[in-house]
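Below: the structure, in structure tokens.
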Amino acid sequence: MKKITALFTLALAALAMLLPAFAQIEVQLTPNRTDYVAGEAVLLNLTIANHTDTTINLDNRPGHSWLNIQLRQRGTDGMVMPTGSSRHAAVSIPPGSQRSIQLNLKNHYALDMPGAFTATATILMPDCRTTYTSNRALFNVTSGGTVRAFPIQSRGRRLQASCRLVRTAKQEGLFGQVIDLDTKRAVGACYMGRYMSFMQPRIIMDGAQNMHVLCQSTPEFFTYSVMNNRGQRVSYQLYKRTGGPVDLVSTGKGFRPVGLVPYNPAAEAKKERVRSTSERPL
């Protein structure tokens, strides 16, 4: 019994000595959303907390990046291979503080097809030996449902520009997406606006291959967005209902919403406060 007690005491002592070392750096990785549309920016927040009494300077070394992101597609074997550089700007973290960095995985991985993914971040300390690894960040890449699609051609490529309906964070949103019809891979995608099904969205493709989307986002507010043929959002404007029918019409030189006026938050704040989350525009 004495031998067992002694061994147990030694084990506790060893654990107590190890705990401070593991607590020196804390790394958290959190996706901005749980669902992304194939082709859009996949944003994750990396937070590094310094629990030591000295400043930690994280910088790249020859042949080594201080930050590495490992990405795995769930349900498959092996890691997802990166397509871009994994080097990141240097970070300095004073003692007892933390730094947060936003990472765009699209810069490093071809997230252009639907799938379920797990990402982890590994920090390499200045001694080039010690590492700290984050939690597992889970997210999905989806294509959602097609609201309307337009076949187009650009620089000899057969493309499809479409407006897609995706549910994110318990809300429905409209996204624009451009895919290559030959490879079935997304060229780009972007958020177009929160969507409420009170009004059928107005979706128009102009002669310059820009897709215009007007949708109702709250009972009072509407979103008007434009996406180019590369899947990039080029404009985004909130509008407020003025009364009468709401529509998106051609002016001969472009398109404009009718029955709406541009929303000016500063001017509106002087008139009234938005009291309900359901009334807040996105």
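These values consider heavy atoms only, across backbone and side chains, with no hydrogens, waters or symmetry-generated copies. Treat the numbers as computed from the prediction; the structure is a model and nothing was measured.
- The shortest heavy-atom contact between A186 and I179 is CA-CG2, 3.9 Å.
- Looking at T146 and R164, their side chains do bring a donor and an acceptor atom within 3.5 Å of each other.
- One distance of note links CG of N57 with CD1 of I93; it measures 9.0 Å at 0.5 Å rounding.
- Using a 3.5 Å distance cut-off with no hydrogens or angles, the side chains of T52 and Q24 do not pair a donor with an acceptor.
- Put simply, CD1 on I69 and OG on S134 are 7.0 Å apart, with the number rounded to the nearest 0.5 Å.
- More than 12 heavy-atom neighbours from other residues, nucleotides or ligands sit within 6.0 angstrom of CE on M79.
- With Y224 as the fixed residue, the side-chain hydrogen bond (donor to acceptor under 3.5 Å, both in side chains) test singles out one of R202, H212, Q237: H212.
- Look at D180 and R185 and you find no salt bridge, because none of the NZ, NE, NH1 or NH2 atoms lies under 4.0 Å from a carboxylate O.
- F139 and F117 have parallel rings, their planes meeting at less than 30° on a 0 to 90° scale where 60° marks the start of perpendicular.
- Listed here is the closest heavy atom pair of L44 and A119: CD2-CB, 4.1 Å.
- Between atom CG of residue D59 and atom NE2 of residue H64 there is a gap of 13.0 Å, rounded to the nearest 0.5 Å.
- Just one residue in the list T131, T47, T122, I123 forms a side-chain contact (heavy atoms from CB on, under 4.5 Å) with V27, and that residue is I123.
- When all heavy atoms of A38 and Q177 are compared, the closest pair comes out as O-NE2, 2.9 Å.
- Only one option out of R155, R157, Q153, Q209 pairs with N229 in a side-chain hydrogen bond (donor to acceptor under 3.5 Å, both in side chains); it is Q209.
- A salt bridge does not link D35 with R167: none of the charged nitrogens is closer than 4.0 Å to a carboxylate oxygen.
- Between Y263 and F221, the ring-plane angle classifies as perpendicular under the 30° and 60° cut-offs.
- Between R33 and E40, at least one side-chain N (NZ, or NE/NH1/NH2) sits under 4.0 Å from a carboxylate O, which counts as a salt bridge.
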